[in-house]
Structures are given as C-alpha cells and as structure tokens.
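Worksheet: one structure, shown below.
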Amino acid sequence: MPELPEVEVVRRGLQPAVFGATVRAVEVRDGRALKRHAGDALDFVDRIEGAVLGEPQRRGKFLWIPFDADFALMAHLGMSGQLLVRPVGSLDERQLRVRMRIERGGGALELRFSDQRLFGSLAVDRLLPSDDGELLPSQVGHIARDPLDPAFDVDAVVQRLRASGRNIKALILDQQLVSGVGNIYADEALWRARLYWGRPGRSISVAKLRELLGHVELVFQDALAEGGTSFDALYVNVNGESGYFSRSLHVYGRQGEPCDRCGTAIVREKFMNRSSYFCPRCQRGR
DNA sequence: TAAGTCTCCTGGCAGC
DNA sequence: TGCTGCCAGGAGACTT
C-alpha cells in the first residue's frame with residue numbers, strides 16, 4: 001500500500017517523464033477516479049488539456065504536479081492507486097481509470113492512473129500559500145510536514161504527541177500531526193522503538209517520542225532505498241515494478257512468526273477496524 | 001473539543 | 001463449482 005516511501009518513489013519516477021511535458025489529450029474512463037476533483041470529468045479534461053507540467057511535488061502521501069501559476073494536477077494513491085508512465089499504445093492495465101497523453105521534445109508518452117479499489121483520486125486543485133508561504137494544493141493545506149521534510153519540527157510534534165491521551169499509533173497515523181505514516185510503517189517504527197501501539201501519547205517520555213520519530217524517519221529511508229513495500233500488484237513504481245522492502249519487515253503481516261529480536265511470536269490485534277502487529281515481549285505496556 | 005466509528009471500494013480467499 | 005462473507009486500509013464524515 002502506498003505510504004510515504006512508495007509515493008516518493010513514484011514522484012522521483014515521474015520527474016524525468018513529466019517535467020516540461022504538455023498534456024495533449026485526456027481520457028477519463030472512470031469518473032470515480034476523480035472523487036477529489038471539484039467538477040465533473042469534462043471539467044477535469046478541460047482544465048488539464050494543454051497544461052505544461054512542472055516539477056512533481058509531495059507532502060506526506062499527497063503528490064502534485066504544478067501547472068500554470070495557480071493550479072496543480074493532484075494525486076492521492078489511496079490503497080491501490082498507481083501513476084504509470086507508458087509508451088503510447090501499450091496494453092491497457094485492467095484497472096486503468098484515466099489516461100493522459102503527454103508530449104515533450106517531440107516524443108509522446110502516456111501518464112496513466114490505475115486504481116483497483118478506487119480509494120485514490122486525481123484532481124485539478126488550486127495552489128494556495130500555506131502559513132509559511134509554501135504553495136500547496138488547497139486539499140493539502142491541512143497535512144503536516146513529514147519526517148523527511150527538512151523543515152520537519154521534531155520538538156513541536158513531540159509536544160503535540162505528549163498533549164494527547166490517544167494511543168500512540170493513532171497519533172502517528174494522524175496526517176495532521178505527522179504525515180506519510182500508514183499502517184505498515186507505523187507498526188515497524190513502533191517495533192524499532194520498542195513501544196506498544198496502545199500506549200497513550202501523554203504516558204510516553206519526550207526522549208522516547210523523539211526516538212520513535214527518529215525510527216519513523218529511518219524506516220522511511222530504508223524502505224525508500226529498496227523501492228518501497230509491495231505485497232502484491234497493488235503498489236508498483238511508474239514503470240510497473242515492485243519494491244522489495246516487504247522482505248525487511250519485522251512485524252507487519254508476520255503474525256505467529258518469531259520476533260527478529262527476541263524470538264517471541266508476533267501478535268496481531270484489532271486496531272480501528274484494521275490490524276496492529278507487535279512483539280508482546282519487546283513492546284510491553286498492554 | 002477530543003476521540004472513536006463508519007463509509008467508500010474491489011479482489012482474493014476461506015468456508016460451506 | 002459457485003455462492004457468501006470476511007479482510008485489507010487512507011481519509012473524511014459522522015457520532016459519542
């Protein structure tokens with residue numbers, strides 16, 4: 001599932017193909033892939049056709065490509081969304097939702113949005129200045145900076161985590177506190193920090209919270225180096241290739257398997273209608 | 001206001 | 001073989 005490392009892999013893959021390219025034609029095959037777009041499919045096509053694409057940007061799991069001065073093509077991959085760069089005329093993906101023909105320097109390519117579960121979306125969104133003057137799509141304005149952002153303020157985030165009685169996993173999944181973290185990397189960072197997911201934020205020391213955020217950053221960097229996490233065909237890079245970080249996971253999806261640190265069987269618990277994996281010996285506090 | 005729950009959606013899979 | 005129901009989860013809406 002696309003979390004920050006997977007989205008960053010996609011952003012880097014898009015850069016050489018789309019930067020400076022002109023959108024010549026757009027085909028919306030499924031309007032449900034435009035849930036975040038304020039208008040209908042015709043409006044989307046009207047706004048994006050003829051646009052000259054800028055440099056792909058990212059905050060957390062949101063990705064956007066600015067065009068003109070005030071607008072951007074924004075994408076959120078949800079659980080199964082894929083942004084693919086394909087040669088013109090290549091075989092369609094089974095869940096192809098939107099196709100854009102782009103041209104640059106006399107060459108043509110297709111930028112495709114494919115999404116099996118339709119939790120992802122494309123949109124044309126207006127760019128607005130944030131509090132610190134950065135231009136962000138209007139739908140990204142409330143998203144916090146992520147740990148790979150040079151301006152990420154560890155102390156400010158720790159302060160907010162310490163002020164809450166919510167469990168620490170819910171807190172680091174809250175994109176308004178720290179962005180980019182999803183279920184997989186939350187479990188992995190908590191395992192590395194030896195923290196049980198259910199502990200209230202206010203019960204954890206400042207030093208431990210700083211350590212946890214450090215582990216979030218490290219697990220992101222490690223996953224990025226391996227091209228992200230792919231369990232199946234749900235996440236691939238812009239060329240349709242899988243990442244390899246799933247081989248390096250310590251707890252996520254490993255119920256019943258021995259902990260890599262102490263050998264105790266990994267446990268799975270229900271958490272907010274989803275799963276939380278942890279080592280009951282290394283991560284105490286239930 | 002904070003915290004928890006529900007909804008959207010599809011394909012894979014287990015159980016019958 | 002075919003049907004049913006469960007599971008996965010990001011983000012926003014909704015409820016408590």
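By convention in this document, chain letters (A, B, ...) are assigned in the order of the sequence lines, proteins followed by strands, and residues within each chain are numbered from 1.
Checked against B:dG11, B:dC9, C:dA8, the side chain of A:R32 finds its nearest nucleotide in B:dC9. If you check C:dG9, C:dA11, B:dC9 against the side chain of A:S275, the one that comes closest is C:dG9.
For the residue pair A:Y196 / A:E269, a side-chain donor-acceptor distance below 3.5 Å is found, with atom types taken as modelled. Looking at A:Q283 and A:Y277, their side chains never bring a donor and an acceptor atom within 3.5 Å of each other. No hydrogens or angles considered: nothing links the side chains of A:S138 and A:R126 as a donor-acceptor pair under 3.5 Å. For the residue pair A:S90/A:R112, the side-chain donor-acceptor check at 3.5 Å is satisfied. With no hydrogens or angles considered, a side-chain donor-acceptor pair links A:S276 and A:K169 at under 3.5 Å.
By the side-chain contact (heavy atoms from CB on, under 4.5 Å) test, A:D68 is found to be paired with no residue, residues two or more places apart in sequence or in another chain being considered.
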Contacts under 3.5 Å, N or O only, protein and nucleotides 1-3 of chain B:
{"from": "B:dA3", "atom 1": "OP1", "to": "A:S164", "atom 2": "OG", "distance (Å)": "3.4"}
{"from": "B:dA3", "atom 1": "OP1", "to": "A:G165", "atom 2": "N", "distance (Å)": "2.9"}
{"from": "B:dA3", "atom 1": "OP2", "to": "A:S164", "atom 2": "OG", "distance (Å)": "3.2"}

When you compare the protein's N or O atoms with those of nucleotides 5-8 of chain B, which come within less than 3.5 Å of each other, and at what distance?
none

Table of protein N/O atoms under 3.5 Å from nucleotides 12-15 of chain C N/O atoms:
{"from": "C:dG12", "atom 1": "OP2", "to": "A:H142", "atom 2": "NE2", "distance (Å)": "3.3"}

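Between the CD atom of A:Q255 and the C1' atom of C:dC7 there is a distance of 13 Å, given to the nearest Å. Across the protein-nucleic acid pair, A:Q82 atom CD and B:dG11 atom C1' stand 14 Å apart, rounded to whole Å. Atom-to-atom, CE of A:M79 to C1' of B:dT10 comes out at 9 Å; the value is rounded to the nearest Å. Protein atom CG of A:D115 is 13 Å distant from nucleotide atom P of C:dA11, rounded to whole Å. The distance between atom CD of A:Q116 and atom P of C:dG10, rounded to the nearest whole Å, is 15 Å. Between A:L77 atom CG and C:dG9 atom P the separation is 17 Å, expressed in whole Å. In this structure, A:D146 places its CG atom 16 Å from C1' of C:dG10, rounding to the nearest Å. In this structure, A:D174 atom CG and C:dA11 atom C1' are separated by 11 Å, rounded to whole Å.
For the side chain to side chain contact (heavy atoms under 4.5 Å, CB included) criterion with A:L73, the lone passing option out of A:I48, A:V18, A:D125 is A:I48.
For C:dA11, the OP1/OP2 oxygens have a side-chain nitrogen or oxygen of A:Q175 closer than 4.0 Å. OP1 or OP2 of B:dC9 has not a single side-chain nitrogen or oxygen of A:S80 nearer than 4.0 Å. A sub-4.0 Å separation between OP1 or OP2 of C:dA11 and a side-chain N or O of A:H76 is present. Proximity of A:R97 to the phosphate of B:dC9: no side-chain N or O atom is located under 4.0 Å from OP1 or OP2. Residue A:K270 has a polar side-chain atom (N or O) positioned under 4.0 Å from OP1 or OP2 of C:dA8.
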Let me see the working for A:R32 and A:D115 under salt bridge (Lys or Arg N to Asp or Glu O under 4.0 Å), right down to the final yes or no.
-> CA-CA 10 Å; A:R32 294 176 298 174; A:D115 193 359; over 6 Å; no
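More than 12 heavy atoms of other residues, nucleotides or ligands shown are found within 6.0 angstrom of CD on A:E49.
Applying the salt bridge (Lys or Arg N to Asp or Glu O under 4.0 Å) test to every pair with at least one member in residues 194-207 of chain A, sequence neighbours left out, gives no pairs at all.
Between A:W191 and A:H250, the two ring planes are parallel [angle under 30°; tilted spans 30° to 60°].
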Going by atom type alone, with no hydrogens or angles, which donor-acceptor pairs under 3.5 Å involve a side-chain atom of residues 98-108 of chain A and a protein atom two or more places apart or on another chain?
{"from": "A:R99", "atom 1": "NE", "to": "A:E27", "atom 2": "OE1", "distance (Å)": "2.8"}
{"from": "A:R99", "atom 1": "NH1", "to": "A:D92", "atom 2": "OD1", "distance (Å)": "3.0"}
{"from": "A:R99", "atom 1": "NH1", "to": "A:E110", "atom 2": "OE1", "distance (Å)": "3.1"}
{"from": "A:R99", "atom 1": "NH2", "to": "A:E27", "atom 2": "OE1", "distance (Å)": "3.4"}
{"from": "A:R99", "atom 1": "NH2", "to": "A:D92", "atom 2": "OD1", "distance (Å)": "3.4"}
{"from": "A:R99", "atom 1": "NH2", "to": "A:D92", "atom 2": "OD2", "distance (Å)": "3.1"}
{"from": "A:E103", "atom 1": "OE1", "to": "A:R24", "atom 2": "NE", "distance (Å)": "3.3"}
{"from": "A:R104", "atom 1": "NH1", "to": "A:P16", "atom 2": "O", "distance (Å)": "3.1"}
{"from": "A:R104", "atom 1": "NH1", "to": "A:F19", "atom 2": "O", "distance (Å)": "2.7"}
{"from": "A:R104", "atom 1": "NH2", "to": "A:P16", "atom 2": "O", "distance (Å)": "2.6"}

